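None of the values given here were measured: they were computed from a predicted structure. Just so you know, residue 1 is the first one in the sequence shown, and it goes up from there. Just so you know, ligand 1 is whichever comes first in the structure, and atom 1 is the first atom listed for that ligand.
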Amino acid sequence: ASIGSLNKGAEIKVGNSDVFLLFSALQGLFGVPELSCPEGFQEAQDKALQDSEQLVQKACSTPPGPETVKIFDQLSDSLCRVADLADFVKVAHPDFAFREAAEEACRNIGTVVEKLNTDVELCQSLRRLLGDETVMSSLDPETRRVAELFMFDFEISGIHLDEEKRKKAVDLNVRILDLCNEFLIGTHIPNKIDKHVLPEHIRYNFTAEGNYLQVAGLHADCPDDLVREAAYKIFLHSNSQQLARLEELLASRNSLAQLVGYDTFAHRALQGTMAKTPGMRHVWKDMLRNQMSGILFQMLMPWDHPYYSGVLRAERYNIDPGLYCPFFSLGACMEGLNSLFSQLLGISLYAEQTKRGEIWSEDVRKLAVVHETEGLLGYIYCDFFQRPDKPHQDCHFTVRGGRLKENGEYQLPVVVLMLSLPNSARGAPTLLSPGMMENLFHEMGHAMHSMLGRTRYQHVTGTRCATDFAEVPSILMEYFANDYRVVNQFARHYKTGQPLPKNMVSRLCESKKVCAAADMQLQVFYAVLDQIYHGKHPLKKSTTEILKETQEKVYGLPYVHNTAWQLRFSHLVGYGAKYYSYLMSRAVASMVWKQCFAQNPFDRAMGERYRREMLAHGGAKEPMLMVQGMLQKSPSVEDFVDALVSDLDHDFETFIMDS
Ligand SMILES: [Zn+2]
């Protein structure tokens, strides 16, 4: 079947397959036999734990050599295969019993992984390998890197410390985990205020609770200035409990990092990333000094920026999504991706019939990714449509990593792409807004990274790479999604077949540049704040004072008395010291686009180079070496900054004055 049949309204019924399915045996989720019922998770988990015990013994009794890394990777694979799958099922399965069973499996495997990371004997077997210079120098770079990455996991747990310090590291880890959870919850809790404090005519904007009003967000899109100002001041009002949590979290992370041998938590977090390369650490400070500071707008308050950029975008360019949607049916977009991948990489996507019980919702589609000469590369499950209890987020999940198996076969990668597309009316195709189309391209970028990462070890499969490299393939796809030559290949009006007019595409691209400088400045501000918080301790000032100082220096908009935005900065938990990653990935993607694809987005030779130099390695190669391989030069700090700044519209300042 063509992937155009992904178009929900245009489904093809295949004969009497429904009758056939009734008689066929029930398969498990993703074709895993045990997972035909929630109880299967227990079975799959027990099997994984049994396998892992045997592999631990094998690792400990095998003399140091390439075999050691192979066994470690097998061990990691046997646990990840259940844990990764469960990680997806626990958030996305429509059946509560499945979600609960998956959650339980995640917890149990997580506990075992923690135990293994502090297993002295297991660590010894790896240490013997890393300590044996003759054997190490005989290993290929991929195997060496994976061995070092495994060791890094042990070291973070403080395994090399004496008994007393190790216990301290374990305690700190437990405490940090609790603080992270408490802080995360705190970032979402609404703030309450006596309703009489607010003017009567704006109260209806907030949820009433007796004499109180609940402010649960910034109301950034509200046209009323007063509502935005009130929401900003109340929602971001400082909270001493949350403040104490954050400061303890930062201090504990610092103590842990120092205990296991790093100067600061940031030093530990940047291990193995692009930013740790000498010189790159300073990229942020350099960015601030750069041209960007010329593009400030002082007349606004912090609560104005997102609203006005939206208004300006809409006013200057007529980019009502309703005008674009008819050209972006899901089927057309998927055909567009298929055509792009086949021209660039020789890869086609085929819709594959699923077995009974293999998918968790009827509207999930399974795509086989097939290379013109190498054959089947892997599977992408497309879980694209909204449904009750499904999180509203666009996301890529690795369900099974690729690796070279003991019998010489390649274990095919399996991923899920999750989107939240609206359900269309029966008979009509699903229509995407330009933003949804761009997100689809973005997520497919992650999926192709997973499919084409032909690593020997699953520990470094596809997207399991340095955080600041992980968004490169997906952001690169956004450049393709915004190029007229690419869009023109697939954007057709679903009723008339008419192509999307060129000026509509350019209007859309131009509109994205509106306020892009201010958006980027905000991102730089967040990234710098995250670096300072995770830098040298004890911090010289309170986190609020640091915020005030950094905001005024980096962002340019005034700090508002008694607010503490950092208490809502949930990414401090997941990204700790790596919030800069998004900007770094964007800079690399921008360089790759301009140098390799802007001239001809269908250049097969470049597509092959992109696959060979970047996608193929997953996390098995130093990210900076991949960038060098692709660009055939080593980019300087200035190149990174230029790549970001050159995407901005320099006429913006005059434009805002004119409006
Ligand atoms: Zn992404």
Student: For the metal site, I want the angle between atom NE2 of H446 and atom NE2 of H442 with the Zn ion (ligand 1) at the apex, to 10°.
Tutor: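 If I round to 10°, I get 100°.
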
Student: Look at the N, O or S atoms of E471, main chain and side chain alike, and state whether any lies under 2.8 Å from the Zn ion (ligand 1).
Tutor: yes

Student: Out of curiosity, Q386 CD to D363 CG, how far, rounded to the nearest 0.5 Å?
Tutor: 10.5 Å

Student: Under the rule for ring-ring contact (aromatic ring centres under 6.0 Å, His included), what residues qualify as partners of Y381, not counting sequence neighbours?
Tutor: F30, W360

Student: Let me know which of Y582, Y555, W565 forms a side chain to side chain contact (heavy atoms under 4.5 Å, CB included) with Y526.
Tutor: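 Between Y526 and the candidates, side chain to side chain contact (heavy atoms under 4.5 Å, CB included) is satisfied uniquely by W565.
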
Student: Taking backbone and side chain together, does H396 place any N/O/S atom at a distance below 2.8 Å from the Zn ion (ligand 1)?
Tutor: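 Checking the Zn ion (ligand 1) against H396, no N, O or S atom falls under 2.8 Å.
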
Student: Taking the basic N atoms (NZ, or NE/NH1/NH2) and the acidic carboxylate oxygens, is any pair closer than 4.0 Å for K366 and E358?
Tutor: yes

